[in-house]
Every structure is written in C-alpha cells, then in structure tokens.
Amino acid sequence: RGLVVTIPVVVTAYVTWWILRTVDGWLGIAIPGVGFAVTVAIITFAGFAASTVITRSLVGALESLFGRLPFVRLL
C-alpha cells in the first residue's frame with residue numbers, strides 16, 4: 001500500500017523538477033524560479049485558449065452537425 005501512494009508522488013515530483021530545470025535551461029536566466037513562473041504562465045494560457053477559442057469552435061461545429069440531423073432539430 002505504501003508503494004501505491006509513494007510512487008505516484010515521487011514520479012510527479014521528479015517530472016515537475018525535470019520540467020522546471022528544463023525550462024530554466026531554455027531561458028538561460030540564472031534566477032531560480034523563473035522557470036516555474038514561465039511554466040505556470042504557459043499552463044494558464046493553454047487553459048484559457050482551450051476554454052475560449054477551441055471550445056467555441058468545437059461547440060459551433062457540434063451545433064452545426066446537430067442542426068443537420070432531422071430528429072434533433074425537433075428537440
């Protein structure tokens with residue numbers, strides 16, 4: 001039971017650490033934590049884009065598809 005709890009926590013911590021170190025390396029800035037800020041900003045922007053731009057186009061496509069179905073229009 002301990003491994004079931006410990007392994008996902010350790011893997012998540014390692015992947016997070018690796019991503020932050022990689023982003024810090026890409027930026028080339030010697031200030032620790034900048035990679036964290038950039039990563040959070042990218043994740044936030046991706047969530048915003050997914051909830052507005054992508055969702056609107058997907059909903060529009062589904063409405064168009066459902067509008068063509070004969071029995072769905074009656075509902």
Side-chain angles (χ1 to χ4, degrees):
R1 291 183 192 173
L3 288 176
V4 172
V5 172
T6 305
I7 288 179
V9 170
V10 169
V11 169
T12 301
Y14 176 74
V15 168
T16 303
W17 174 80
W18 179 78
I19 288 172
L20 294 177
R21 297 276 303 190
T22 303
V23 171
D24 276 340
W26 288 343
L27 295 174
I29 299 173
I31 302 170
V34 174
F36 175 74
V38 169
T39 303
V40 168
I42 289 171
I43 291 171
T44 303
F45 178 73
F48 172 74
S51 67
T52 57
V53 176
I54 297 170
T55 305
R56 285 184 188 166
S57 63
L58 180 63
V59 168
L62 286 174
E63 284 181 1
S64 171
L65 176 69
F66 287 142
R68 294 182 196 154
L69 298 173
F71 293 111
V72 176
R73 275 188 275 165
L74 296 175
L75 298 175

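Here, residue 1 is the first one in the sequence, and each next residue gets the next number.
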(request) Determine the minimum heavy-atom distance between T12 and T16, stating which atoms define it. (result) O-OG1, 2.8 Å
With hydrophobic residues grouped by side-chain heavy-atom distances under 4.5 Å, do [X] and [Y] end up in a single group?
| X | Y | value |
| --- | --- | --- |
| V40 | L20 | yes |
| Y14 | I19 | yes |
| W18 | F36 | no |
| W17 | L27 | yes |
| V4 | V9 | no |

(message) How about CG on L3, more than 12 heavy atoms from neighbouring residues, nucleotides or ligands closer than 6.0 Å, or not?
(response) no
(message) Counting only heavy atoms from other residues, nucleotides and ligands, does the tally under 6.0 Å from CG of L65 exceed 12?
(response) yes
(message) Against I7, only a single residue in V11, V5, V10 fulfils side-chain contact (heavy atoms from CB on, under 4.5 Å); can you say which?
(response) V11
(request) Could you tell me the separation between the CG atom of D24 and the OG1 atom of T39, rounded to the nearest 0.5 Å? (result) 7.5 Å
